[in-house]
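Here the structure is a predicted model, which is why all the values come from computation and not from measurement. The residues of the chain are indexed from 1 along the displayed sequence.
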Amino acid sequence: MEPKQFESLILHFKNKISLSEAEEELIISKLRSKRYLKGQYIIQEEDVYKYQTFIVKGKVKTFYMAEDGNEHVIAFGLDNWWVGDICSFTTQTPAMFNTVCLEETLVAQISYEAMEFLYNEIPQLEKYFRLTLEKAYGNTTKRLVRNHSMPAIDRYVLFTEEYPEIVNQVPQYMIASYLGITKEFLSSIKKQL
C-alpha cells in the first residue's frame, strides 16, 4: 500500500492527537496493508491476534461460535473502524473471537511489536488508543445494559439510529444475532414498525 493509501488511518489518528510529519512517516513505516477476500478470516479463535487492524475499505463481522453451533455476532466493522480481538492482541494469547470479511476488505495493520515501538517513540499514540478503547468500552457497557433491560424492539430501534450505515449493508440474520434475537423475531419487529 502506498503511503497515500494510509491517509484515512493518519486522519483518524489526527482527529484525536497531534502528529508531526516525521511522526506520521514513522507510523506509516510500521504499517502493513493487506487485502482480504469476502469470506476470508482476519483472525480465527484460538489463533493469537498479531495485528491491530484498521479497515481502510470494506466490511467485517466479529463473532464467536457457541458450543451448540450457533454463531453470535458481537461486532461489525466498516470503513475507518478498528476490528479484531483486542484481548488477544494486548496479551498475545489465543483469540476468543473470529473476524471474517463480509466483502473484499482492505486493511492497515500494526504488529504488536511495532505498536510497542511506536508507543515509546510517539507517546501521543498511547493517548489515541486509550481514548479509542475508552469509547469502545463505554459502547460495550451500554450494549450489555440494553440487552438486559430493554425490549428487543427498543434495542432494534436504537441500533438503527446509532448505526444506520450497517442496517442496509449486512444481512438481517446477522443483525438479529447481534441483538440477541432470532431472525424471525427481527422480521416480526420490522413489521410492527
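- Both tests pass for Lys16 against the ring of Tyr128: distance under 6.0 Å to the centre and angle within 45° of the axis.
- Judged by distance alone, with hydrogens and angles left aside, the side-chain atoms of Asn98 form a donor-acceptor pair with the main-chain N or O of Glu45 at under 3.5 Å.
- Atom CD of Glu134 is surrounded by more than 12 heavy atoms from other residues, nucleotides or ligands within 6.0 Å.
- Judged purely by atom type and a 3.5 angstrom limit, Arg146 has no side-chain atom pairing as donor or acceptor with the backbone of Ala152.
- Side-chain contact between Leu31 and Gln109 is absent, with no heavy atoms from C-beta onward closer than 4.5 Å.
- Atom CG of Asn70 has more than 12 neighbouring heavy atoms from other residues, nucleotides or ligands inside a 6.0 Å radius.
- Looking only at distances, a side-chain donor or acceptor of Gln92 sits under 3.5 Å from a matching main-chain atom of Tyr49.
- For Gln40 (side chain) and Leu37 (main-chain N/O), a donor-acceptor pair under 3.5 Å exists by modelled atom type.
- Contact annotation: the side chain of Arg143 approaches that of Tyr178 to within less than 4.5 Å [non-hydrogen atoms, C-beta and beyond].
- Of the possible donor and acceptor atoms, none in the side chain of Ser187 sits under 3.5 Å from a partner among the backbone N and O of Phe185.
- For the pair Thr90 (side chain) and Ile86 (backbone), a donor-acceptor distance under 3.5 Å is present.
- For Phe89 and Tyr112, the gap between ring centers is short of 6.0 Å.
- Under the 3.5 Å distance criterion, the side-chain polar atoms of Arg155 are matched with a main-chain donor or acceptor of Met150.
- In this structure, OH on Tyr119 lies 11.5 Å from CD1 on Ile122, to the nearest 0.5 angstrom.
- The ring of Phe63 has its center no closer than 6.0 angstrom to the ring center of Phe97.
- A search for ring-ring contact (aromatic ring centres under 6.0 Å, His included) contacts involving Phe54 returns His12, Trp82, not counting sequence neighbours.
- Residues Phe6 and Ile27 form no side-chain contact, since every pair of their non-hydrogen atoms from C-beta on lies 4.5 Å or further apart.
- In this structure a side-chain-to-backbone donor-acceptor pair under 3.5 Å is present from Gln172 to Val167.
- Both the sub-6.0 Å distance and the 45° axial angle are satisfied by Lys30 relative to the ring of Phe117.
- Taking all atoms of both residues into account, the shortest heavy-atom contact from Val107 to Ile55 is CG1-CA, 4.2 Å.
- Clustering of Ile, Leu, Val, Met, Phe, Trp and Tyr side chains at separations under 4.5 Å leaves Tyr51 isolated, with no partner residue.
- Val100 and Gly39 get closest at one heavy-atom pair: CG2-O, 3.4 Å.
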